[in-house]
Amino acid sequence: MSDPSAASIVSTPRPEQPAEIGAPVTAGQPEGARKEKPRGLLGDAWRDLRRKPLFWISATFILIFVLMSVFPSLFTSGDPTNGALARSRVEPSGDAWFGYDVQGRDVYARVIYGANASIVVSLLSVIGTMLIGGTMGIIAGYKGGWVDGLLSRIADVFFGLPFVLGAIVILTTFNGAGSSNSEWEIKGLVIASLVLLSWPVVMRLMRSSVLATKEADYIVAARAMGAGTGRIILKHLLPNCLAPLLVYGTIMIGSFIGAEATLSFLGIGLKSPVVSWGIMINEAQNYLRPSPFLLFFPSAFLVTAVLSFVMLGEAVREALDPKLR
């Protein structure tokens, strides 16, 4: 004789299980949970970034600097290149918030317009570095063999060049005293020197990512199904190797802003008629004691821009690395 209590337990479904075998898996779940779709790496990273105050603070400053670079007239109506010697080194006041420089030019207007050269040079340098270094890293990591050995040895040669010394040699040769280069020619030379001396780092970073990814199961399966080299690289390798490059590229923008200012301060980078923070710091070094504001304001903007990109890179790194969440 069967136990009726046991029979009732078996025949009656538990409250947390669907009443029917064919019921959907999401039955009994909240309405929001049913509609939520699975997120990928970038989706998880963006969800994590939105919770970080550091991300919003750095992104706000970066947005301001980008607007200053693209639309400087939104921030000032002053002339950054022309001045009157009668206003030479006049201290900050209501008429000129940051004062006037040695040649009587508005320091505030020059700081605003100086963002264009620093941001444009650093962004274009990072793009060039990522394209050259990333392409060579993918080729070296995916092909292997003698191709990897050749490209790695070429990168070692450029690794052996000290950054500042190499930039001095390049810029002194093509942009030395007495040269009559235009504004964009000067910017192009600085960008070329930064890219030429920085691509090996990106090449090695991409190469290591490709080496760690190219033997994954989905890569082997794509190769077994007859996918070509181009399809494997563009559809499978590149999307899964971009995360470290995005982090390094964001931090590198801040580094290149500082590098451009350093080269301009040394007198071998950007030169007049270009307006940049490095040039302003160079012009203010001889007036540090009598007029410290000439050095303070461009230095403050420079430090803030560099820290903003570095903090953004750190936030992106933490969001993309599951171990740091």
Side-chain angles (χ1 to χ4, degrees), residues 39-46 48-49 55 122-164 166-167 191-224 227-259 309-325:
R39 295 181 299 270
L41 176 63
L42 294 180
D44 288 336
W46 172 240
D48 189 61
L49 279 176
F55 166 75
S122 60
L123 283 177
L124 293 180
S125 300
V126 169
I127 292 174
T129 303
M130 300 279 281
L131 288 176
I132 296 175
T135 302
M136 296 187 71
I138 290 178
I139 296 174
Y142 186 78
K143 290 294 185 181
W146 68 269
V147 176
D148 184 14
L150 177 62
L151 295 179
S152 297
R153 298 296 78 75
I154 295 175
D156 290 340
V157 172
F158 285 89
F159 261 120
L161 296 175
F163 181 83
V164 176
I191 293 170
S193 63
L194 292 175
V195 172
L196 188 63
L197 297 170
S198 302
W199 69 265
V201 180
V202 177
M203 181 262 185
R204 288 197 171 184
L205 186 63
M206 176 60 83
R207 175 182 175 273
S208 62
S209 298
V210 172
L211 289 175
T213 309
K214 72 174 185 178
E215 298 300 334
D217 293 339
Y218 58 90
I219 302 292
V220 176
R223 192 181 297 116
T229 301
R231 181 176 179 82
I232 292 176
I233 291 176
L234 295 177
K235 295 289 186 179
H236 302 287
L237 274 179
L238 191 59
N240 291 282
C241 297
L242 276 181
L245 257 69
L246 290 176
V247 175
Y248 183 72
T250 307
I251 297 176
M252 193 163 50
I253 295 176
S255 300
F256 279 173
I257 292 176
F309 282 102
V310 172
M311 288 190 301
L312 180 64
E314 288 295 325
V316 173
R317 182 180 66 87
E318 293 178 2
L320 290 176
D321 191 350
K323 298 178 183 179
L324 298 177
R325 293 179 185 175

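Computation of the quantities below employed the complete heavy-atom set of this structure, encompassing side-chain atoms and omitting hydrogens, waters and symmetry-equivalent molecules.
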S.K.: State the CD1-CZ distance between Ile191 and Phe256, to the nearest 0.5 angstrom.
M.R.: 10.5 Å

S.K.: Has Ser208 got a side-chain atom pairing as donor or acceptor with Leu205's backbone, closer than 3.5 angstrom?
M.R.: yes

S.K.: Write down the atom of Pro244, the atom of Ser209, and the distance for their closest heavy-atom approach.
M.R.: CG-OG, 3.5 Å

S.K.: Looking at CE of Met136 and CD1 of Ile154, how far apart are the two atoms once the value is rounded to the nearest 0.5 Å?
M.R.: 5.0 Å

S.K.: So if I apply the side chain to side chain contact (heavy atoms under 4.5 Å, CB included) rule between Arg207 and each of Val202, Asp148, Ile138, which one comes out positive?
M.R.: Asp148

S.K.: For the atom pair OH (Tyr248) and CD1 (Ile253), what is the distance rounded to the nearest 0.5 Å?
M.R.: 12.0 Å

S.K.: Thr250 versus Arg317: any side-chain heavy-atom pair under 4.5 Å?
M.R.: no

S.K.: Could you check whether any side-chain heavy atom of Phe309 comes within less than 4.5 Å of a side-chain heavy atom of Ile251, counting everything from C-beta outward?
M.R.: no

S.K.: How long is the gap from OG on Ser122 to CD1 on Ile127, to the nearest 0.5 Å?
M.R.: 9.5 Å

S.K.: I'd like to check Ser152 versus Met203 (side-chain heavy atoms, cut-off strictly below 4.5 Å). Are they in contact?
M.R.: yes

S.K.: Can you tell me how far apart OG1 (Thr135) and CE (Met130) are? Round to the nearest 0.5 Å.
M.R.: 10.5 Å

S.K.: Measuring from atom CG of Leu161 to atom CG of Leu197, what distance do you get when rounded to the nearest 0.5 angstrom?
M.R.: 6.5 Å

S.K.: Within the 4.5 Å heavy-atom criterion, are Met206 and Ile139 side-chain neighbours or not?
M.R.: no

S.K.: What are the two closest non-hydrogen atoms of Tyr142 and Val210, and how far apart are they?
M.R.: N-CG1, 3.6 Å

S.K.: Does some side-chain heavy atom of Thr129 sit less than 4.5 Å from a side-chain heavy atom of Leu194?
M.R.: no

